[in-house]
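Just the heavy atoms: all of them, side chains too, but no hydrogens, waters or symmetry mates, feed the values below. Lettering follows sequence order; numbering is per chain, from 1.
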Amino acid sequence: MKLFSSVNDVTDLNQMVQLALEQKKSPYAHQELGKNKTIGLVFLNPSLRTRMSTQKAALNLGMNVMVLNMDKEGWALELQDGVVMNGTTVEHIREAAAVLGQYCDIIGIRSFPGLKDRDEDYSEMVFNKFVKFCGVPVVSLESATRHPLQSLADLVTIEELKTRPRPKVVLTWAPHVKALPQAVPNSFAEWMCKADVDFVITHPKGLELNTAFTQGATITHNQDEALQDADFVYVKNWSAYEPYGQVVEVSEDWLLTNDRLKITNDAKVMHCLPVRRDLELSSEILDGPSSVVVHEAGNRVWAAQAVLKTMLESL
Amino acid sequence: MKLFSSVNDVTDLNQMVQLALEQKKSPYAHQELGKNKTIGLVFLNPSLRTRMSTQKAALNLGMNVMVLNMDKEGWALELQDGVVMNGTTVEHIREAAAVLGQYCDIIGIRSFPGLKDRDEDYSEMVFNKFVKFCGVPVVSLESATRHPLQSLADLVTIEELKTRPRPKVVLTWAPHVKALPQAVPNSFAEWMCKADVDFVITHPKGLELNTAFTQGATITHNQDEALQDADFVYVKNWSAYEPYGQVVEVSEDWLLTNDRLKITNDAKVMHCLPVRRDLELSSEILDGPSSVVVHEAGNRVWAAQAVLKTMLESL
Amino acid sequence: MKLFSSVNDVTDLNQMVQLALEQKKSPYAHQELGKNKTIGLVFLNPSLRTRMSTQKAALNLGMNVMVLNMDKEGWALELQDGVVMNGTTVEHIREAAAVLGQYCDIIGIRSFPGLKDRDEDYSEMVFNKFVKFCGVPVVSLESATRHPLQSLADLVTIEELKTRPRPKVVLTWAPHVKALPQAVPNSFAEWMCKADVDFVITHPKGLELNTAFTQGATITHNQDEALQDADFVYVKNWSAYEPYGQVVEVSEDWLLTNDRLKITNDAKVMHCLPVRRDLELSSEILDGPSSVVVHEAGNRVWAAQAVLKTMLESL
């Protein structure tokens, strides 16, 4: 595997999940594979789980890790082509990526969307330029429109905790005060649409996701209907795809509570974190037995380790 | 040892000091112990000595180290319970701690006091929440009211350099322009009160420390009297405990000079660093033969290594 | 080698270049040398290439690496002697350096010039104080007036790519909107003056470099004349040495283009990076076959590794 940016980069979803679970059982079994191999983790945005879990995965595989907070420790990056760089940006992504490729065997990069220009964000301009110019295998640490390491960890978590062969999985929109990217819901949707689950998306009117990611999903504006008999409820806020990047006024109450969970099949509640308590998700759920958010975050290590192991084998 | 937050977490002070001195003699003797074990060093505030010496100690023990500057690299943390998170904080300490516990075998955390609300600071709200929710052994990298790795290094330094069995150790207040925490003096006081030394605290009126930390110490407002025959003089500024966190106007000159040292028993001068030259402590002392501040800072490695070794053995 | 700060710290230039090329051929041949040795990389300014390539070199040699972004992660440093520290600086470089020397076997430090006070910058006050007080071998990661790891990598690149025994190497000034240090051109000049090359410097009037660095070079204000038959063209902006640190108005067009390259001997174009596209250097060159800037950046690893290997052998 030379690229891990979306579900389409994985040939066999089930095999990748099993590989992650094997890593979880034997974290240190493949340390020879990563010996003298270096991963560079490049952050253009904040990160806690991705930063720490990917480091851990790489260390488990015997790799060296170098972390770079690009704008704080390196130089302000120019992302556009064809501009005379007489402003505030100091280095073009073409050079930065190519140079990092000289120092690393694998690169992970995180780059959030601007949420201003939909075409630019959905063309994955930054991520794709980085891939194009760095010349080494790249793993997405969340790009403008996808967060595949999160989605793989989510699928691993569902596989571990499901109580029937084909569980019902519901992605529900949740309230927020800021405009958040669509990367996590997009990514979760495209992974669930390919996984062996019954997948339902529920959100208020006006918050439709890009249909490229939701092919095969059942979509409803009725949260109660969606939650009916659900085995897993994935809670996440996102801003509007149209008008792009806007916070849409929602008058109904979409905050998930224990009361609402009653109509589910004793559902496990998932969230990618960070989560704003009692805004996106109620404390009573987060502190109660239904929440699996910490377990899910723990699985980020094994998802990353499965991906890195696969990449190392193809070097 | 599952927790290292105060002198009370150490069963045998002398044994811990000896363990630190053994690490100093043979820094790499226990690298198998830390193999495939990961320490996460989490900073909510700046750090030089603690950051570098704890890394070094962990590396000496064969551990993996992951450093996280929480607010700069991760997310702005919510520390209070029961708030709807619709403001500027992005992640609650409950989730952050629990997730970090998934990735680390041991966690070190630094969290300074706010110096606004004494009850909150002295309840060690942030540190204790972190301990409660992370689920793995925790070592304090300085909390609101204590800095135990510093105090252990201080005791190691005194043990190494003392010229009589029961040396006289003086903690003297020093001037500063900013309100500093009481963590270092509190911590030094509670360690010295338990150590085999003759311990005296001297400070201007109005700068009394919390008596919980000073049981057994001789306390005087007369610096000269305190310095008499001292073997070690520990220089440190702190802000007032009452009114809490205030810089108290002090009219007398409390700055330690070589002249004042003459009444000591050729005392070694200690400071936890960073030190503001010629404000807290005179350059003539820092650059002269009495100062052991760099040696003391060097011992931070062995203090941390003794604590981490003890923790690794109990995993 | 106890110090790597300028070309004068290298006894045999050719031998050092050969050592770098040997490291490139066998990057992991000397991992026993660095075992349990720690390098501290201390940054007072941003860094991408130096940060990553020096880490990589140290890891290749089996060393532990600790990175410190001094002002962001540590404390604001006081650099001047004899001041009462009652302002915004928290720690004096004397203590900071000495303490870091306790934790590291080798220290690398980056410290840019202020470009205000020429005497201070050219006395290398910060770098030299650090060297004086840290007590361990120091490698410059770029100081106020020199960038020797860059220059060694440049020489390695020239050695690798030259097509005749004594190539013609041209350092040409390039336009910029900000005042940049003279460290890279100074350093490149002093290395080229000692290397077995025909060395020419070209720049507009008023942008003369300090002659201490250019002894033996041919200097001309006529870029075309300089480029004639050149094998390597090193492009770099710098601010004026006199009046110090000023951006000098230049009316002629100094931007290098493919058209101008025609008069060279099919020259390779070099730049230390970061480069502002179409301001300092044209995109057509950077994206074309003449540019070796990425290859050159890649060689930073082997330059650093040669220096660190030499230092490790002298510990």
Taking all atoms of both residues into account, what is the closest heavy-atom pair of C/G74 and B/P46, and its distance?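 Closest approach of C/G74 to B/P46, heavy atoms only: O-CB, 3.2 Å.
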Closest heavy-atom pair and its distance - B/V275, C/M85: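 Taking every non-hydrogen atom into account, O-CE, 4.0 Å.
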For C/S6, enumerate each residue passing the side chain to side chain donor-acceptor pair (under 3.5 Å) test, keeping only those at least two apart in sequence or located in another chain.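 So C/S6 forms a side chain to side chain donor-acceptor pair (under 3.5 Å) with C/N8.
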Report, in residue-number order, which members of residues 114-123 of chain C are under 4.5 Å from chain B by heavy-atom distance.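 The residues closer than 4.5 Å to chain B amount to none at all.
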Inter-chain polar pairs, chain C versus chain B: which donor-acceptor atoms lie under 3.5 Å apart?
unit_1, atom_1, unit_2, atom_2, d
C/N36, O, B/Y28, OH, 3.2
C/N36, OD1, B/Q31, NE2, 2.8
C/K72, O, B/K72, NZ, 3.0
C/E73, O, B/S47, N, 2.7
C/E73, O, B/R51, NH2, 3.2
C/E73, OE2, B/N69, ND2, 2.7
C/M85, N, B/R277, O, 3.0
C/M85, O, B/R276, NH1, 3.0
C/G87, O, B/R276, NH1, 2.9
C/G87, O, B/R276, NH2, 3.3
C/E91, OE1, B/R49, NH2, 2.9
C/E91, OE2, B/R49, NH1, 2.9
C/E91, OE2, B/R49, NH2, 3.2
C/R94, NH1, B/D287, OD1, 3.4
C/E95, OE1, B/R277, NE, 3.0
C/E95, OE2, B/R277, NH2, 2.7
C/Y103, O, B/K56, NZ, 3.0
C/Y103, OH, B/A297, O, 2.7

Could you tell me whether the side chain of C/M70 reaches within less than 4.5 Å of the side chain of B/L48, counting heavy atoms only?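 B/L48 reaches C/M70 side chain to side chain.
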May I ask you to name which of C/L100, C/V90, C/V67 has the most heavy-atom pairs under 4.5 Å with chain B?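 So the answer, after comparing C/L100, C/V90, C/V67, is C/V90.
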With sequence neighbours excluded, residues passing side-chain contact (heavy atoms from CB on, under 4.5 Å) with B/A58: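 side-chain contact (heavy atoms from CB on, under 4.5 Å) list for B/A58, sorted by chain: B/I39, B/M63, B/V65, B/L308.
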